[in-house]
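First up is the structure itself, then whatever we jot down about it.
Nothing fancy with the numbering, it's 1 onward along the sequence. Just so it is clear, the structure is predicted and the values come from calculations on it, not from any experiment.
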Amino acid sequence: MDKTQYSDSERSIGSSSQVWNTHLLTVDRSKELPKLRQNPAFWRRKRRNIIIIILVITALVAGIVAGVTIAVSKKHHTSQSLPSSAPSSANSSSSPISSVLPSISPSSSSSAPGPIPSRQPVPATLAAAFQSSFWIWQGAQALTGVQSGDWAFRKTLPTSTAPAREAVALLTADNSFQLYHNDQLVAESSPLGWEMATAVHVNLDPSSNVFAIQAHNFNADADPNGNSSAGLLASIQISYADGATAIISSDNTWRVTQPIPDGFQSPSFNDTQWQFATTLVKYGFGPWGTQVTIPLGYNITAR
């Protein structure tokens, strides 16, 4: 065999060997799958993928069920809120909205009022009046300091041609107070002290209303003489049945006395022998300055 023939034979053998190796590689790869199935990691990955798919399908089904439930609930609620009697054909043709809304007469609306909100903001007019009011006490010496003790204040609300309905009182006292309306305790001072005013809603008697206050002064400043400044600051907004309103504020028309007599909270109590209160300074002046904070709102008192 010459060199050329040897080379050709060598190339032929090499090609056959490459084909055989490729065949063996293909056979070996076909045997990998059974080996993988015997590997625990293979089944862990497979289970993880199956669990993920199940979770996704479950979430989709739950979302669909929830949407259907909400839609059915809304439809059921709407059907219950519709009037029991069907509207006439004339009304239904003239106005599509009137076919689903019940008719409301003045008598039905007045006899069935809606729910009263439990929290109301302090009226801006009342807040403005409060910040223009006078601090009052018994005697001008309260501005510089008086002994610790309790004082009684009373104010009879003015009458009107229309019956009184309700009032909102906004007040504070240095150092504390209890507010009575017609012998009933309706409010107390804030535990934060005189720097935080108190707002309270009161249902009024149609014709006779008296606000009585027990104000307490104590030596909070540790004055060596045992004295401390004392004052009461108040505004009350009254609402009448005809829609009119009026505001009264602490001034020299309020009555004050010390010591406090029994039964001073009663509207029938005779306070004509009491002194008229002394106006000390307006809000924003004196030892209190503008440190009084007006609360954001007050609670409605049910009748």
Which of Val200, Leu233, Leu126 passes side chain to side chain contact (heavy atoms under 4.5 Å, CB included) with Leu170? Answer is Leu126

Task: Centroid-centroid distance, Trp135 to Phe285, less than 6.0 Å - done: no

message: If we ignore hydrogens and angles and just use 3.5 Å, is the side chain of His201 paired with the main-chain N or O of Thr301 as donor and acceptor?
response: yes

### Message
Students often mix this up, so state it plainly: with edges at 30° and 60°, are the rings of Trp288 and Trp194 parallel, tilted or perpendicular?
### Response
perpendicular

*asked:* Between Phe269 and Trp274, is the ring centroid distance below 6.0 Å?
replied: yes

Notebook entry, point to check: Short question: side chain of Gln258, backbone of Asp150 - any donor-acceptor pair under 3.5 Å?
Noted result: yes

Residues at least two apart in sequence or cross-chain that pass side chain to side chain donor-acceptor pair (under 3.5 Å) with Thr290, listed by chain then number, are none

Ring-face cation contact, Tyr298 with Arg119, 6.0 Å cut, 45° max:
no

Taken in chain and number order and not counting sequence neighbours, the residues that satisfy side chain to side chain donor-acceptor pair (under 3.5 Å) with Asp251 are Thr253

Within the supplied structure, the quantity of interest is the number of heavy atoms (other residues, nucleotides, ligands) at a distance under 6.0 Å from Asp242 CG; does it exceed 12? yes

Would one find more than 12 heavy atoms of other residues, nucleotides or ligands at under 6.0 Å from atom CG of Leu296?
no

Do Ile238 and Ile213 share a hydrophobic cluster, counting only Ile, Leu, Val, Met, Phe, Trp and Tyr and linking them when any side-chain heavy atoms are less than 4.5 Å apart? yes

